[in-house]
Number of protein chains: 2
Amino acid sequence: MAMRAAQTAARPLPEATLRRLPLYLRALVEASGERLLMLSSEELAARAGVNAAQVRKDLSQLGSYGTRGVGYDTELLRQQINRQLGLNREHNVAVIGAGNLGQALGNYRGFSERGFNVVAAFDTDPDKFGSRLGTAVVYPLSELARVVREKKITMALITTPAQVAQDIADRLVAAGVSSVLNFAPAVLTVAPHVSVRKVDLAVELQILGYYEHLRANHTAAPRATTIN
Amino acid sequence: MAMRAAQTAARPLPEATLRRLPLYLRALVEASGERLLMLSSEELAARAGVNAAQVRKDLSQLGSYGTRGVGYDTELLRQQINRQLGLNREHNVAVIGAGNLGQALGNYRGFSERGFNVVAAFDTDPDKFGSRLGTAVVYPLSELARVVREKKITMALITTPAQVAQDIADRLVAAGVSSVLNFAPAVLTVAPHVSVRKVDLAVELQILGYYEHLRANHTAAPRATTIN
DNA sequence: CCATGTGAAAGCGTTCACAGCG
DNA sequence: CGCTGTGAACGCTTTCACATGG
């Protein structure tokens, strides 16, 4: 039972694949709950809402964990995806800005479920200092550097107004944070060893709105997009 | 001054372009604030955090609104993007599920700023009925069909637990909603004339986590992704 | 003369179709 | 025999490089 495989990541997974792995994970957990030990790419695809060929391509990137003529071992595959995503590893996360969005993110269960622990929040409003935001406590922004170091925070979610986002990012990086997820409508520039990604909550709504707009004018094109 | 142009949409814009138009919009508004009447693709690209060639390709999809040898008229371009996105049109939006996420989305200013008005929220918890969620009131879920019709709601944000998401989607569609943005971890199936899109808030964090994981193991690859 | 607008090239991602293996 | 794993085809996106025109 020499369980060792290729230890970790062969080479970086394509982002498109990375983006779908959580879907498969969910489908696998669901299948596990139904006592299904094996799953074909066809079944997995149906549960995840994607194409079966895509499932096979994606999974083949992780290695050969399927059995020809049979399918994928639910449990084994789940473990492999978890390992590849580094989902065992726990990440300490800070939320900067304890407004509506910050509060929602701090309380969001989807994060802790996947090993992202929000261990601190920061704001400039003294009324908020010491209050709770999920499991985290709200600190004054001035404590940022100290708390980031003490709590070994490596990732941060920026939910501040756009004007201060770059300044916050600079301070986070200076304090040792290496991954930033930016919800503020601003373009951030950081040192090359830091990863930054942006989320615009309104973009998807806007795309939906565009298609509604199309349907309304151009009565000819129903053009329904069903993306899961 | 016959201001009439191509009236509306020539043909559907590619999604990749659609996704960046808001970035340009933001950059243009910013530039307007600085009294800049003209902007080159180079300057616009810098402000939006993308490549200049991409800006030109994207903008050329909307028509020829630039002047060779000069650049783009800030104000004109802003209007054209707004028109193309159907951003004048107002959309009535419902939020289903008044939990953390639902509350944050209901209060999110980014929506109303772009013409998406959250005019109703729904939940099954009687304690929440009648309470406020941004400008909207929380209704019992049983009132869904009536309120959707009365308030002419065409778009809905699903922030419920996964198990009920499909049922909610069915009821929304039956009541006349034509666009659904799904935040629940479930695959939704709807009639072909309805658009569904999915948002997974944890995906971007997961991708960041993956790169951290890579950097940690494979000490060789710094691999910083800076996506704006 | 200079920046737009655009064909053409290069790069990714998805889908197809089937060889290969359990 | 059936399903995985994968080369090859296809389509979409990005980038390049330059002809075009104000």
Side-chain angles (χ1 to χ4, degrees), chain A residues 5-6 10-21 23-24 27-28 31 36-74 76-77 80-81 84 203 207 223 225-228, chain B residues 5-6 10-21 23-24 27-28 31 36-74 76-77 80-81 84 203 207 223 225-228:
Chain A
R11 76 194 59 242
L13 297 172
E15 256 203 42
T17 296
L18 221 38
R19 211 168 264 286
R20 279 183 299 267
L21 290 180
L23 295 179
Y24 304 149
L28 288 168
L36 291 172
L37 301 179
M38 286 302 210
L39 223 47
S40 68
S41 60
E42 203 75 54
E43 295 167 303
L44 188 44
R47 285 169 187 266
V50 304
N51 178 301
Q54 185 129 79
V55 169
R56 293 199 296 277
K57 251 282 151 63
D58 284 340
L59 297 184
S60 75
Q61 314 255 20
L62 312 184
S64 276
Y65 299 116
T67 310
R68 289 169 195 245
V70 181
Y72 299 89
D73 179 300
T74 314
L76 172 64
L77 190 54
Q80 293 304 332
I81 295 178
Q84 279 275 351
V203 151
I207 294 177
R223 200 109 190 46
T225 337
T226 306
I227 289 177
N228 275 288
Chain B
R11 76 194 56 240
L13 296 173
E15 255 204 43
T17 297
L18 222 37
R19 213 169 263 288
R20 280 184 298 266
L21 290 181
L23 295 179
Y24 304 149
L28 288 168
L36 290 172
L37 300 179
M38 286 303 214
L39 269 188
S40 69
S41 60
E42 204 74 54
E43 295 167 302
L44 188 44
R47 285 169 187 264
V50 304
N51 177 303
Q54 185 132 83
V55 169
R56 293 198 298 275
K57 251 280 151 61
D58 284 340
L59 297 185
S60 74
Q61 313 258 18
L62 312 183
S64 277
Y65 299 116
T67 310
R68 288 171 193 243
V70 181
Y72 299 90
D73 179 300
T74 313
L76 172 64
L77 190 55
Q80 292 304 331
I81 295 179
Q84 278 276 350
V203 150
I207 294 176
R223 200 104 192 41
T225 337
T226 306
I227 290 177
N228 275 290

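Chain letters run A, B, ... following the sequence lines, proteins first, then strands; residues in each count from 1.
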(request) For side-chain contact (heavy atoms from CB on, under 4.5 Å), just list the numbers for V50(B) and V55(B), CA-CA rounded to whole Å, side-chain angles, deciding distance to a tenth of an Å, and then say yes or no. (result) CA-CA 7 Å; V50(B) 304; V55(B) 169; 3.6 Å; yes
(message) side-chain contact (heavy atoms from CB on, under 4.5 Å) for L59(B) and Y24(B)? Distances and angles first, verdict last.
(response) CA-CA 9 Å; L59(B) 297 185; Y24(B) 304 149; 4.1 Å; yes
(message) Output the rounded distance in Å from CG (L13(B)) to P (dT14(D)).
(response) 13 Å
(message) Holding to side-chain hydrogen bond (donor to acceptor under 3.5 Å, both in side chains), I want the full list of residues that pass it with Y72(A), two or more places apart in sequence or in another chain.
(response) none
Acceptor/donor pairs from residues 39-49 of chain B side chains to any protein atom, 3.5 angstrom cut, sequence neighbours excluded:
| from | atom 1 | to | atom 2 | distance (Å) |
| --- | --- | --- | --- | --- |
| S40(B) | OG | E42(B) | N | 3.4 |
| S40(B) | OG | E43(B) | N | 3.1 |
| S40(B) | OG | E43(B) | OE1 | 3.2 |
| S41(B) | OG | R56(B) | NH1 | 3.1 |
| E43(B) | OE1 | S40(B) | N | 2.8 |
| R47(B) | NH1 | E30(B) | OE2 | 2.9 |
| R47(B) | NH1 | E34(B) | OE2 | 3.3 |
| R47(B) | NH2 | E34(B) | OE1 | 3.0 |

(request) Nearest whole angstrom, please: distance from the C1' of dT14(D) to the CZ of R19(B). (result) 16 Å
(request) Find the distance Q61(A):CD to dT14(C):C1' and express it as a whole number of Å. (result) 12 Å
(request) Calculate the interatomic distance between D73(A) atom CG and dC3(D) atom P; express it in whole Å. (result) 17 Å
(message) Please report the interatomic distance CG(L76(A)) to OH(Y65(A)), rounded to the nearest 0.5 Å.
(response) 7.5 Å
(message) Test of understanding: with salt bridge (Lys or Arg N to Asp or Glu O under 4.0 Å), list the residues that count as partners of R68(A), not counting sequence neighbours.
(response) none
Below 3.5 Å between N/O atoms, which protein atoms pair up with nucleotides 9-13 of chain D? Just atom names and distances, please.
none

(message) The criterion is side-chain hydrogen bond (donor to acceptor under 3.5 Å, both in side chains); which residues satisfy it with T17(B), sequence neighbours excluded?
(response) D58(B)
Give me the distances for all protein-to-nucleotides 3-6 of chain C N/O pairs that come in under 3.5 Å?
| from | atom 1 | to | atom 2 | distance (Å) |
| --- | --- | --- | --- | --- |
| dA3(C) | O4' | G69(B) | N | 3.2 |
| dT4(C) | OP1 | S41(B) | N | 2.5 |
| dT4(C) | OP2 | S41(B) | OG | 2.6 |
| dT4(C) | O2 | R68(B) | NH1 | 3.1 |
| dG5(C) | OP1 | G66(B) | N | 3.1 |
| dG5(C) | OP2 | Y72(B) | OH | 2.8 |
| dG5(C) | O4' | R68(B) | NH2 | 3.2 |
| dG5(C) | N7 | R56(B) | NE | 3.0 |
| dG5(C) | O6 | R56(B) | NE | 3.3 |
| dG5(C) | O6 | R56(B) | NH2 | 3.2 |

(request) Rounded to the nearest angstrom, tell me the gap between atom CG in D58(A) and atom P in dT4(D). (result) 14 Å
(request) Nearest 0.5 Å please: distance from the CD1 atom of I81(B) over to the CG atom of L18(B). (result) 11.0 Å
(request) Measure the distance from CG on N51(A) to P on dC3(D) and round it to the nearest whole Å. (result) 16 Å
